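What follows is a set of notes on a single structure, which appears directly below.
Bear in mind that the values here come from a model prediction, so they are computed numbers and not experimental data. Just so you know, residue 1 is the first one in the sequence shown, and it goes up from there.
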Amino acid sequence: MKMAVIGAGVSGLATAYALKSENHRVIVYEKSDQIGGTWVYDPKVESDPLGIDPSREVVHGSLYESLRTNIPRQLMGFFDCPFFTSKYGESSTFPSHEEVLEFLNEFARDFRLVELIRFETEVVRVERVDLRNDQWVVESKTNELNSNEIFDAVVVCSGHHTQPRVADFPGMEKWPGKQMHSHNYRVPEPFQDQIVVVIGDGPSAKDISLEISKVAKEVRLSSRSPNVKVSRLDFADNMWQHSKIDYVDEKGEVKFEDGASVHAGIILHCTGYKYDFPFLKTGGIVTVDDNRVGPLYKHIFPTKLAPTLSFVGLPYNSGVVFLMIDLQAKWIAHVLSGRRNLPSEGNMLSEVEEYYRKMDEKRIPKHHTHSLAHKNIPTSQITWTG
């Protein structure tokens, strides 16, 4: 079968390798001039620091210069290509982004994946040939020239760390200070002597806030978590933890729901990203609703379009991202080869709907659909052993 893979980051490379191992013909589309996806550091930032202006020139990467992984290297390799310490320059448990990119380049070279990739080729449309045909047309653009090609299946591996999600609070549009998203954070120097409010309580919020505290006058962390303890943080004299923002005003004041307020110069949104597939045309069969991509069986297969359309790398909070992606890719390859079978469309949809129902019961917000950190949720929706 002839397969299209969209993206040459971690998901795209793992998928290309899995499909190639099953003797499928594989073409990987990559809009940049190199592999690595989100692991390619780009010092450029967008003209709109919040990343919400649709006319801005989009910068794909979200890495900041000092970033190191928060997952041990032993959990960041692939099953057929471990991320060994001795093979690379560093010996730390948590490698730098430069070392991760070096690992991905070596993986692509060793398994001859580079020859499958069409660099500087952007996918602008993916659509079924017609309603009675399982084949797909992929329209791509290279040097302003568009071309169409037909495939038996398409795997979407385009990542989800490019389109920012931002917080919303009263007074936001008239607040006079600077607002930005962590997507456009690179180095701490612009925060010198500033009073900064950092929104979020995920790994990026904690990592970036600690880094900028070394140069900022004050850093105020704001979290919507009901379990947050409002206090000065023990590990830094100039850092405070607050509840969520109640409102901001035209004088530059930021008021928190805990009653505290601060006159800040910068609000930094470390509030995650949107799933976005502008090239994908399914006539409403696959939708993105409040960051729920669906309906997807096991976060991979659209129930109506499986197995010829699939997604790799959507789930997060797995703790073993590379291995998770590797399992997803291998399962897709096995299904497309006929070595594994999927349930019927009806059974797949029933399982997805049951997963949604359990989320509603536990009052888990829809935008956390693809998080794997839910407690007391059936694991059938996150099992990729086929």
Side-chain angles (χ1 to χ4, degrees), residues 9-11 38 50-52 62 69-71 75 156-169 181-183 198-209 221-229 241-245 257 268-277 280 286-303 310-325 327-328 348-384:
V10 176
S11 295
T38 195
L50 261 184
I52 59 177
S62 299
T69 71
N70 60 350
I71 299 172
L75 300 180
V156 179
C157 305
S158 52
H160 52 89
H161 293 97
T162 296
Q163 297 293 337
R165 283 171 59 94
V166 299
D168 186 21
F169 41 82
H181 191 276
S182 56
H183 174 64
V198 178
I199 304 175
D201 59 2
S204 292
K206 293 170 183 175
D207 199 25
I208 292 172
S209 62
L221 279 161
S222 172
S223 171
R224 63 184 176 186
S225 169
N227 302 318
V228 68
K229 182 181 179 183
Q241 178 67 65
H242 293 277
S243 60
K244 68 183 291 188
I245 293 175
E257 288 188 350
L268 175 57
H269 297 242
C270 297
T271 43
Y273 296 86
K274 300 175 184 177
Y275 294 99
D276 186 43
F277 312 101
L280 187 58
V286 178
T287 62
V288 182
D289 178 17
D290 192 18
N291 255 20
R292 171 180 284 174
V293 185
L296 298 183
Y297 178 61
K298 299 186 186 293
H299 307 278
I300 296 175
F301 291 107
T303 55
S310 56
F311 295 79
V312 172
L314 297 191
Y316 58 96
N317 286 339
S318 71
V320 286
V321 180
F322 282 40
L323 296 176
M324 175 201 77
I325 286 170
L327 281 174
Q328 290 183 318
M348 288 192 290
L349 183 58
S350 294
E351 185 171 307
V352 175
E353 290 174 342
E354 173 68 7
Y355 178 65
Y356 292 169
R357 189 181 68 79
K358 289 291 185 181
M359 287 186 63
D360 290 342
E361 279 184 6
K362 302 295 181 182
R363 298 184 179 180
I364 298 170
K366 183 183 291 185
H367 62 262
H368 288 319
T369 294
H370 302 294
S371 171
L372 302 187
H374 307 321
K375 295 180 179 179
N376 302 317
I377 293 286
T379 59
S380 59
Q381 182 64 2
I382 56 173
T383 303
W384 300 298

Donor-acceptor pair, side chain of Q241 and main chain of L221, under 3.5 angstrom:
yes

Does any part of the side chain of L314, heavy atoms only, come nearer than 4.5 Å to the side chain of V293, both counted from C-beta?
yes

NE2 (H242) and OG (S223) are apart, to the nearest 0.5 Å, by 12.0 Å

Okay, side chain of N291, backbone of Y273: is any donor-acceptor separation there less than 3.5 Å?
yes

Check whether the ring centres of Y355 and H299 lie less than 6.0 Å apart, and answer yes or no.
yes

Centroid-centroid under 6.0 Å between H160 and Y275 rings
yes

Run the side chain to side chain contact (heavy atoms under 4.5 Å, CB included) test on S310 and Y297 for me, step by step, so that the C-alpha distance in whole Å, both residues' side-chain angles and the decisive distance to 0.1 Å come before the verdict.
CA-CA 10 Å; S310 56; Y297 178 61; over 6 Å; no

Rounding to 0.5 Å, atoms CZ (F301) and CD (Q328) come to a distance of 9.5 Å

So which atom in T303 and which in V352 form the shortest heavy-atom distance, rounded to 0.1 Å?
CG2-CG2, 4.2 Å

Please determine if R357 and E353 form a salt bridge, counting it only when a charged side-chain N lies under 4.0 Å from a carboxylate O.
no

Please give me the minimum heavy-atom distance between D201 and K206, naming the atom from each residue.
O-CE, 3.1 Å

Could you state the interatomic distance from OG (S11) to CE (M324), rounded to the nearest 0.5 Å?
6.5 Å

Determine the minimum heavy-atom distance between M359 and R292, stating which atoms define it.
SD-NH2, 3.8 Å

When you check the side-chain N and O atoms of H183 and S62, is any donor under 3.5 Å from an acceptor?
yes

Search all heavy atoms of G313 against all heavy atoms of I325 and return the closest pair with its distance.
CA-CG1, 4.0 Å

Take I71 and F322 through the side chain to side chain contact (heavy atoms under 4.5 Å, CB included) test and state the conclusion after the steps.
CA-CA 10 Å; I71 299 172; F322 282 40; over 6 Å; no

Test side chain to side chain contact (heavy atoms under 4.5 Å, CB included) applied to V198 and I208, step by step
CA-CA 9 Å; V198 178; I208 292 172; 5.8 Å; no

Quick check: do F169 and I199 have side-chain heavy atoms less than 4.5 Å from each other?
yes

Under the side chain to side chain contact (heavy atoms under 4.5 Å, CB included) rule, collect the residues that match up with D290, sequence neighbours excluded.
R165, K366, H367

Output the distance between atom OG1 (T287) and atom CZ (F277), rounded to the nearest 0.5 Å.
11.0 Å

Can you tell me how far the NE2 atom of H181 sits from the CD1 atom of I52, to the nearest 0.5 Å?
10.5 Å

List the steps and the verdict of side chain to side chain contact (heavy atoms under 4.5 Å, CB included) for V286 and F311.
CA-CA 11 Å; V286 178; F311 295 79; 4.0 Å; yes

Enter the distance from L268:CG to S204:OG here, rounded to the nearest 0.5 Å.
10.0 Å

